[in-house]
Amino acid sequence: MTDGRANSEPGADLHLDLTGSRGRADLVSALHASIRSGRLVPGTRLPSSRTLAKDLGIARNTVADAYGQLVAEGWLTARQGSGTVVAGRPGVTQPPPPTERPTRRRFRYDLLPGSPDVSTFPRTEWLAAARKALSAAPNDAFGYGDPRGRPELRRMLADYLARARGVHADPERILICSGYVQALNLLSEALRNQGATTIGVEEFGYSLHWDVIRTRGLTAVPVAVDEYGVRPEQLTGQAVLLTPAHQMPTGVPMVAERRTAALEWARKTGAVLIEDDYDGEFRYDRQTVGALQTLDPERVVYTGTASKSLAPGLRLAWMVVPQHLMEPLLAAKRTADLQTATLDQLILAEYIESGHYDRHVRRSRLHYRRRRDRLVELLAVRAPGVQVAGISAGLHVLLDVPGDAQDVVERAARQGLGVANLNAYHFNNASTRQALVVGYGTPPDHSYSGALDLLCQVLGVLD
């Protein structure tokens, strides 16, 4: 009888503590101890007697006799063609099941912001790119490499970011990271090592990002945001984290005058602006807002990610770095993970070079725009008292609601619908704006209609 938890092939490695004569009694005792302790759980398939004898440097008959004794005692089972397996025995202590880490709460309908529709991941195209990339990969791609990342991907990103986002990107100034959180970790560490003590952050944003800054020994200080973006007269610190193309979560772009003022402040104080271009590809109603980095590549660290355009599970992000920060960042990268896993870098490089990435982004942009339009149209009919904002780009909208937004969030949760309170994204949880943050990117197509219907039901009672 097996439970499938720890099956291994007959030739798998097996560690046993043989401290005595290395005879049958010693082997039986070691196997007993391993089974009683739970290290060998029921269902574990043991190596063949020939394999174990060779591994332990003892006679095969010794192993066969030990196995035979344990089978007779009920500790093991042996069947022709199935090998020797640890038997289930009442009263044998088993190791406790692994403790599950806290995860994002699951709802019947999920309209929480922050995730794309992962069901649209281009599996067939990605597999084709993987085959081509791996076939063409040089041998050194499988060894230790440049902490900046694979040159193939850095070249492709330099071309793509210049073309699609207006970024001044030299491949030598691009650093590949294992997700945006690592990028922010590396930046915080590098800045701290250069003497920084404070990083300014927009008063609305992700608490995880503020926690990253704090864990690196820096102080995060909020900077006010209004309908024109961050207020530059309040900028503070040796660096400021910004979402200038599409403020997260209010949805407003940073206007040109404030971009200029922020850069003038950075030049005057020697500070660095960290640009989080988390969903820059998804703009719907007017010409794309270019990257802030374009205006001064030596004062702005541009950061981007594949999490929204492809999938968070890829854990691929990138930074375009001012020259004076590259060596400090590389020093931090070497002690963080030395290098980001290379295979997905090679695949993404091929995926971009083949044109598949551009086509996927265009498909996704149309897909999400249709979702946004449907959401706005339904709310106009079924919940006309709700004001919709931040709709020009991204994967979420802001809904200003009458009454208490947290009451709406809790009522929605009781009915199996996940939406977020804007206040949860405020630095001090002190926002007076009663609004919901609704992500229309997350649900797969088959559940999107149901999610919208339930959202309209919840909001309709507010009128």
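For D277, the salt bridge (charged side-chain N to carboxylate O under 4.0 Å, His left out) partners at least two apart in sequence or on another chain are R165. For S119, the side-chain contact (heavy atoms from CB on, under 4.5 Å) partners are D117, P444, not counting sequence neighbours. Under the side chain to side chain donor-acceptor pair (under 3.5 Å) criterion, R216 pairs with N185, not counting sequence neighbours. For D170, there are no salt bridge (charged side-chain N to carboxylate O under 4.0 Å, His left out) partners at least two apart in sequence or on another chain. Applying the salt bridge (charged side-chain N to carboxylate O under 4.0 Å, His left out) criterion to D344, with sequence neighbours excluded, gives no partner residue. Partners of R231 under the salt bridge (charged side-chain N to carboxylate O under 4.0 Å, His left out) rule, at least two apart in sequence or in another chain, are E233. Y109 is linked by a ring-ring contact (aromatic ring centres under 6.0 Å, His included) to nothing, counting only residues two or more places apart in sequence or in another chain. For the side-chain contact (heavy atoms from CB on, under 4.5 Å) test, residues two or more places apart in sequence or in another chain that qualify with Q387 are D400.
A cation-pi contact, defined as under 6.0 Å to the ring centre and within 45° of the axis, is absent between R374 and Y448.
The aromatic ring centres of Y368 and F282 sit less than 6.0 Å apart. Taking the six-membered ring for Trp and the full ring otherwise, H209 and Y180 have centroids separated by under 6.0 Å.
Checked for salt-bridge contact, R173 and E298 meet the test: a charged N lies under 4.0 Å from a carboxylate O. A salt bridge links R214 to D211: one of the charged nitrogens lies within less than 4.0 Å of a carboxylate oxygen.
Counting only residues at least two apart or on different chains, the ring-ring contact (aromatic ring centres under 6.0 Å, His included) pairs with a member in residues 235-274 are H246-H396. For residues 253-262, the set of pairs meeting the salt bridge (charged side-chain N to carboxylate O under 4.0 Å, His left out) definition, not counting sequence neighbours, comprises D226-R258. The list of salt bridge (charged side-chain N to carboxylate O under 4.0 Å, His left out) pairs with a residue in residues 121-137, not counting sequence neighbours, reads E125-R363, K132-E350.
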Donor-acceptor contacts, no H, no angles, side chain residues 306-322, under 3.5 Å, sequence neighbours left out:
| residue | atom | partner | partner atom | Å |
| --- | --- | --- | --- | --- |
| S307 | OG | T305 | OG1 | 3.0 |
| S309 | OG | Y357 | OH | 2.8 |
| R315 | NH1 | P312 | O | 3.1 |

